[in-house]
Amino acid sequence: MRELVEAIESPDSVPADVAALGVPDSYRAAVLHKADAGMFDGVPLHDRKPADSLHIEEVPTPEPGPGEVLVAVMASAVNYNTVWSALFAPVPTFALLERYARIGGLAARHDRPYHVIGSDLAGVVVRRGPGVRRWNVGDRVVAHCVSVELEAAEGHNDPMLDPEQRIWGYETNYGGLADLALVKATQLLPKAEHLTWEEAAAPGLVNSTAYRQLVTPNGAGMKQGDNVLIWGAVGGLGSYATQLALAGGANPICVVSSPEKAALARSLGAELIIDRNAEGYRFWSDPHTQDQKEWKRLGSRIRELTGGEDVDIVFEHPGRETFGASVYVTRKGGTIVTCASTAGYVHEYDNRYLWMSLKRIIGTHCANYREAWEANRLIAKGRIHPTLSRTYALDDVARAVESIHRNEHHGKVGVLCLAPGEGLGVRDPELRARHEPALHRFRETATPSDRARLSGVAA
Ligand code: NAP
């Protein structure tokens with residue numbers, strides 16, 4: 001692996017140098033064990049610890065099959081699906097791997113006693129399976145997290161409707177939190193060359209999800225001037241939704257939970273910010289009863305911030321905790337677009353506010369390859385920036401996952417895999433220089449005064 005990393009990092013190396021090197025028979029990976037799948041049974045989510053379920057160990061290297069490639073992973077990132085995987089919630093991912101294996105053929109390789117998790121990577125193609133033409137050994141790539149088979153007709157207008165659509169590294173094996181990863185060629189995207197490996201690995205899953213959710217006709221189809229309420233506006237999804245809203249000429253109303261997060265939202269260019277903690281919203285008076293007065297208080301606050309307007313779009317993902325309020329505060333004819341239910345997946349809302357006001361609820365999930373390509377293009381052009389706050393070593397991945405489980409993080413949390421340190425992998429220093437300050441907004445080394453200064457920086 002050391003020679004491979006040297007060949008990748010050498011400014012003089014050519015793809016043939018990478019191709020000439022062997023790939024080891026086994027590699028280091030963050031894995032869950034099938035034998036542990038019941039370890040948290042009966043334990044409340046809050047008390048489950050990723051450190052108890054996650055292991056760093058060597059696993060056998062898979063051979064890329066037709067249409068697949070093996071990637072040397074320089075850096076990866078933690079997504080919330082990594083949290084769900086490590087907590088074995090809502091179901092152990094091994095049930096998902098078994099289901100995949102049942103379709104037969106090469107899919108059977110995914111049902112193993114271990115699950116290599118992780119749904120983002122930045123790295124270099126080191127082996128191509130038969131039939132891969134568009135990508136070569138030596139290509140510097142990031143991976144889109146959606147795996148599709150596309151043998152059925154249903155997925156051919158929108159691949160997210162493929163009956164065999166899966167999230168790589170969550171519903172499939174050989175994910176990105178590892179030194180090598182197996183992906184389909186139809187997941188590959190070019191790496192943004194002004195970014196370091198860890199910056200490049202950060203946006204993938206959440207940026208493409210936020211792009212479909214907010215921007216494309218499959219989601220809310222946001223337009224200029226729209227008021228967009230964004231829950232968790234500087235979290236993983238939200239930090240990209242906020243940027244996409246601003247870049248698209250919309251008006252984000254950013255909900256956060258601390259003054260520090262409010263400062264981060266301001267550093268992105270947002271002006272309308274609600275600190276849900278400081279303002280003390282309690283949408284549920286007890287676990288079974290919502291307090292509609294609190295929905296109305298939020299609606300009044302939004303009108304105060306917007307000069308009397310309601311929201312056109314709510315960017316939803318907390319779920320049970322906020323959904324009733326989200327439906328209430330949306331304007332007549334507006335859209336609630338949801339991709340998740342972090343705080344509970346059985347939602348309650350007052351349907352009178354939906355039908356009488358002709359609102360729409362749209363369900364959305366990740367993004368198809370085309371949408372992911374467009375979202376990645378915005379990153380590559382420096383229109384949307386990674387929101388990496390902190391990077392951990394792969395050996396420390398459990399701590400990285402824990403920080404998200406506890407909502408202690410900002411933006412995205414990165415993981416160094418083969419990259420021997422931070423700051424490597426940049427091939428376009430000129431483009432980088434144009435965006436350097438914006439690339440550091442979320443870094444934990446930035447002080448509040450840095451952020452105030454950075455908020456004046458044009459993206
Ligand atoms: P994240 O980085 O943890 O950010 C979520 C943010 O939501 C938090 O930072 C928090 O911000 C806010 N939040 C959390 N609990 C809340 C609550 N009870 N009420 C209001 N706000 C709350 O996670 P993420 O990466 O954005 O993912 C969020 C959810 O989306 C997860 O459930 C994830 O699995 C899901 N997801 C789905 C897809 C998909 O394709 N379907 C893709 C990506 C993620 P504040 O504390 O600052 O308010």
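Counting from 1, the numbers follow the sequence of the chain as shown. Both ligands and their constituent atoms are indexed starting at 1 by order of listing.
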Should you measure from each heavy atom of Leu205, which atoms of ligand 1 turn up under 4.0 Å away? 42 (C), 43 (C)
Just to confirm my output: which protein heavy-atom neighbour is closest to atom 37 (C) of ligand 1, and how far is it? Cys339 O, 3.4 Å
Could you tell me, atom by atom, which parts of ligand 1 come under 4.0 Å of a heavy atom of Ala343? 18 (N)
Heavy-atom nearest neighbour in the protein, as seen from atom 7 (O) of ligand 1, with distance rounded to 0.1 Å: His317 CE1, 3.3 Å
List in chain and number order the residues that pass side chain to side chain contact (heavy atoms under 4.5 Å, CB included) with Ser300, two or more places apart in sequence or in another chain; answer none if no residue qualifies. none
For atom 23 (O) of ligand 1, state which one of Trp231, Tyr170, Tyr281, Tyr80 supplies the nearest heavy atom. Tyr80
Asp111 bridged to Arg102 by N-O distance under 4.0 Å: no
Can you tell me which residue and heavy atom of the protein come closest to atom 34 (O) of ligand 1, and the distance to 0.1 Å? Trp84 NE1, 2.9 Å
Less than 3.5 Å apart, any donor N or O on the side chain of Thr93 or Trp84 sitting next to an acceptor on the other? no
Does anything in residues 188-230 form a ring pair (Phe, Tyr, Trp, His ring centres under 6.0 Å)? List the pairs, not counting sequence neighbours. none
Taking the inter-plane angle between the rings of His110 and Tyr100 on a 0 to 90° scale, is it parallel (under 30°), tilted (30 to 60°) or perpendicular (over 60°)? tilted
Charged N-O contact under 4.0 Å between Arg443 and Glu422: yes
If you measure every N or O of Gly236 against every N or O of ligand 1, does any of those distances drop under 3.5 Å? yes
Which option out of Arg276, Glu260, Gln213, His365 puts a heavy atom nearest to atom 13 (N) of ligand 1? Arg276
Can you tell if the side chain of Asn376 reaches within under 4.5 Å of the side chain of Glu371, non-hydrogen atoms only? no
In the protein, what heavy atom is nearest to atom 44 (C) of ligand 1, and what distance, to one decimal place, separates them? Leu237 CD1, 3.7 Å
Check whether any side-chain heavy atom of Asn79 lies under 4.5 Å from a side-chain heavy atom of Lys412, and answer yes or no. yes
Per-atom filter on ligand 1: closer than 4.0 angstrom to a heavy atom of Gly232 are 6 (C), 7 (O), 11 (O), 12 (C)
Which atoms from ligand 1 have a heavy atom of Thr322 less than 4.0 Å away? 19 (N), 20 (C)
Can you list the ligand 1 atoms lying under 4.0 Å from a non-hydrogen atom of Thr209? 38 (C), 39 (C), 40 (O), 42 (C)
May I ask you to identify the nearest protein heavy atom to atom 45 (P) of ligand 1, giving residue, atom name and distance to one decimal place in Å? Ser257 OG, 3.3 Å
Taking Ile302 as the fixed residue, which of Leu272, Ile274, Thr330 is the one that meets the side chain to side chain contact (heavy atoms under 4.5 Å, CB included) rule? Ile274
Applying a heavy-atom cut-off of 4.0 Å, say which part of Asn407 lies close to ligand 1: side chain, backbone, both or neither. side chain
Is it the case that atom NE2 in His288 sees more than 12 heavy atoms from other parts of the structure closer than 6.0 Å? no
Between Lys412 and ligand 1, which residue portion shows a heavy-atom distance shorter than 4.0 Å: side chain, backbone, both, or neither? neither
Does an N or O from Ala340, backbone or side chain, lie closer than 3.5 Å to an N or O of ligand 1? no
Look at atom 40 (O) of ligand 1 and say which protein heavy atom is nearest, naming residue and atom and giving the distance to 0.1 Å. Cys366 N, 2.7 Å
